[in-house]
Amino acid sequence: MSDWIQHIYTIVRKIPKGKVTNYGAIADVVGARTTSRMVGWAMNAAHRVTPPVPAHRVVNRKGLLTGRHHFGTPTLMQELLEAEGIKIDENQVVDFEKHFWKPE
DNA sequence: TCACTGACCGTGG
DNA sequence: ACCACGGCCAGTG
């Protein structure tokens, strides 16, 4: 695995419970060497790495749950977020900016 | 080996 | 406000 992928996993694992972030923010922290699309790719491969990565806390810039189909069931991602106190409406995070967590 | 694709985002027409 | 395009890396056929 390349460094930037490990870097992404490390960052995602730092996301506090009840918070969410977006692909662009992660790409920004990792550096200009990667783009948000690469972050998405990394998440696709994240489910087979250990320790587990809370990929459900990563959404796109509009707060849309674009990755929900990559979970076991189409609703699993939403359920995980709601279990942490984040409300979802029409596959979108309610008050996204309020729950947004900027990685560093 | 080459070509295409992907859980995205910002910019320009 | 809508549409198209470039960027960046690894896996797959």
Side-chain angles (χ1 to χ4, degrees):
Chain A
M1 277 299 187
S2 299
D3 296 347
W4 61 271
I5 295 178
Q6 294 296 338
H7 204 321
I8 288 172
Y9 292 159
T10 302
I11 292 169
V12 174
R13 283 194 276 253
K14 283 183 187 168
I15 302 175
K17 181 183 174 187
K19 294 288 181 181
V20 294
T21 190
N22 63 39
Y23 301 95
I26 294 171
D28 189 42
V29 172
V30 172
R33 305 167 37 194
T34 191
T35 68
S36 46
R37 197 191 298 208
M38 298 306 103
V39 178
W41 179 89
M43 290 302 100
N44 190 19
H47 71 88
R48 53 183 165 185
V49 304
T50 54
V53 177
H56 61 280
R57 293 181 186 145
V58 183
V59 298
N60 76 356
R61 81 179 186 97
K62 297 171 196 160
L64 238 43
L65 308 183
T66 53
R68 78 199 141 114
H69 277 301
H70 292 271
F71 288 78
T73 69
T75 56
L76 181 59
M77 186 176 185
Q78 174 171 346
E79 289 171 10
L80 288 170
L81 288 172
E82 288 180 335
E84 296 181 356
I86 296 175
K87 295 186 176 72
I88 310 297
D89 182 52
E90 297 294 321
N91 296 324
Q92 185 167 337
V93 176
V94 178
D95 292 329
F96 175 57
E97 294 183 0
K98 191 173 177 182
H99 294 291
F100 182 79
W101 178 81
K102 172 85 171 115
E104 358 201 8

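In what follows, every heavy atom counts, from backbone to side chain, and hydrogens, waters and symmetry copies are set aside. A, B, ... follow the sequence lines: proteins, then strands. Residue 1 opens every chain. Everything quoted here is computed from the prediction, not taken from an experiment.
Placement of A:Ile5 and A:Ile15 within a single hydrophobic cluster is found when ILVMFWY residues are connected by side-chain heavy-atom separations under 4.5 Å, directly or transitively. A:Val58 and A:Leu76 fall into different hydrophobic clusters, where Ile, Leu, Val, Met, Phe, Trp and Tyr residues are linked whenever their side-chain heavy atoms come under 4.5 Å apart, directly or through other members.
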| Using a cut-off of 4.0 Å between protein heavy atoms and nucleotide atoms, how would you tag nucleotides 6-13 of chain B 5' to 3' with B, S and -? | BBBSS---
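The separation of B:dG10 from C:dA10, taken at their P atoms, amounts to 23 Å, rounded to a whole angstrom. One C1' atom belongs to C:dG11, the other to B:dC9, and the distance between them is 22 Å to the nearest Å. The P atoms of C:dG6 and B:dC4 are separated by 14 Å, rounded to the nearest whole Å.
Atom-to-atom distance recorded for A:Trp41:CH2 and A:Thr35:OG1 is 12.0 Å, nearest 0.5 angstrom. Once rounded to the nearest 0.5 Å, the distance linking OG1 of A:Thr73 with CD of A:Gln78 reads 10.0 Å.
Per the geometry, CZ belonging to A:Arg48 stands 10 Å off C1' belonging to C:dA10, to the nearest Å. A straight line from CD1 of A:Ile5 to C1' of C:dG11 spans 10 Å, rounded to a whole angstrom.
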| field | Chi angles and distances behind the side-chain contact (heavy atoms from CB on, under 4.5 Å) call for A:Tyr23, A:Met43 | value | CA-CA 10 Å; A:Tyr23 301 95; A:Met43 290 302 100; 4.2 Å; yes
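A 6.0 Å sphere centred on NZ of A:Lys102 holds more than 12 heavy atoms belonging to other residues, nucleotides or ligands. For A:Arg13, the CZ atom counts as densely surrounded, since its 6.0 Å shell holds more than 12 non-hydrogen atoms of other residues, nucleotides or ligands.
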Polar atom pairs between nucleotides 3-5 of chain C and protein, under 3.5 Å, N or O only, would you list them?
none

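A:His56 pairs with exactly one of A:His70, A:Glu84, A:Glu79 by the side chain to side chain donor-acceptor pair (under 3.5 Å) rule, that one being A:Glu84.
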